[in-house]
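These numbers come from a predicted model, not from an experiment.
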Amino acid sequence: MNKVLVVNNDIDTMSLLQSWLEKKSFEVKYTGDPEEVPVLIREFKPHVALIDILQYEVIEKIKTPDEKLAIPVILMTGYSGKQQPIQLPVDDIIEKPFNLHVLENKIRKLIS
């Protein structure tokens with residue numbers, strides 16, 4: 001089963017994503033605590049991570065040169081791609097509010 005890590009400090013968003021992704025046959029873990037991310041990566045071994053822009057600092061923990069597993073990152077943001085306030089090492093961006101089917105396609109593309 002493909003695994004998705006969601007990092008977001010909005011409980012409602014995390015619950016929605018977990019419920020929907022589990023219906024699509026993904027295993028999901030989520031956290032709003034950036035300090036938990038390295039532990040979840042080691043123990044859960046996600047195939048892709050969905051990171052809210054307000055939690056952008058965790059991307060550096062995921063996308064380090066020392067990381068043995070290359071985990072693709074999708075950034076969830078309210079900014080348009082051309083207005084992104086900072087440059088981040090992400091594999092894809094999805095703008096809020098997002099279509100869950102578009103998100104699923106992005107996840108499956110990065111996992112394949």
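Between the CG atom in N8 and the CG atom in L16 there is a gap of 10.5 Å [rounded to 0.5 Å]. Between L50 atom CG and I107 atom CD1 the span is 4.5 Å, to the nearest 0.5 Å. The CD1 atom of I71 sits 12.0 Å away from the CD1 atom of I59 when rounded to the nearest 0.5 Å. A distance of 6.0 Å separates CG of L103 from CH2 of W20, quoted to the nearest 0.5 Å. Distance check: I51 CD1 to L5 CG gives 5.5 Å after rounding to the nearest 0.5 Å. Note that CG of L75 and CD1 of I93 are 5.5 Å apart. Values are rounded to the nearest 0.5 Å.
Residues satisfying the side-chain contact (heavy atoms from CB on, under 4.5 Å) test with K109, not counting sequence neighbours, are none. Listed by chain and number, the residues in a salt bridge (charged side-chain N to carboxylate O under 4.0 Å, His left out) with D33 amount to none (sequence neighbours excluded). The side-chain contact (heavy atoms from CB on, under 4.5 Å) search around D12 returns D10, not counting sequence neighbours. Applying the side-chain contact (heavy atoms from CB on, under 4.5 Å) criterion to D91, with sequence neighbours excluded, gives K63, P72, V73, L110. Scanning for side-chain contact (heavy atoms from CB on, under 4.5 Å) contacts around P34 gives Q55, E57, V58, K61, with sequence neighbours left out. Qualifying side-chain hydrogen bond (donor to acceptor under 3.5 Å, both in side chains) partners for K29, counting only residues two or more places apart in sequence or in other chains: none. Annotation: side-chain hydrogen bond (donor to acceptor under 3.5 Å, both in side chains) contacts of D92 (sequence neighbours excluded): K106.
Applying the ring-ring contact (aromatic ring centres under 6.0 Å, His included) test to every pair with at least one member in residues 27-49, sequence neighbours left out, gives no pairs at all.
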Between side-chain atoms of residues 21-28 and protein atoms elsewhere (two or more places apart, or another chain), which donor-acceptor pairs fall under 3.5 Å?
unit_1	atom_1	unit_2	atom_2	d
E22	OE2	Q18	NE2	3.1

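Closest non-hydrogen pair, L17 versus M76, comes out as CD1-SD, 3.8 Å.
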> Could you walk me through whether V37 and V7 pass the side chain to side chain contact (heavy atoms under 4.5 Å, CB included) check?
Replying inline: CA-CA 8 Å; V37 171; V7 183; 3.8 Å; yes
> Yes or no on side chain to side chain contact (heavy atoms under 4.5 Å, CB included) for I94 and V102, after CA distance, side-chain angles and deciding distance?
Replying inline: CA-CA 8 Å; I94 190 155; V102 171; 4.1 Å; yes
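Formation of a donor-acceptor pair under 3.5 Å by the S19 side chain with backbone atoms of S15 is not found in this model.
Both L54 and Y56 are assigned to one and the same hydrophobic cluster, defined by single-linkage of ILVMFWY side chains at heavy-atom distances under 4.5 Å. Placement of V6 and M1 in two distinct hydrophobic clusters is found when ILVMFWY residues are connected by side-chain heavy-atom separations under 4.5 Å, directly or transitively.
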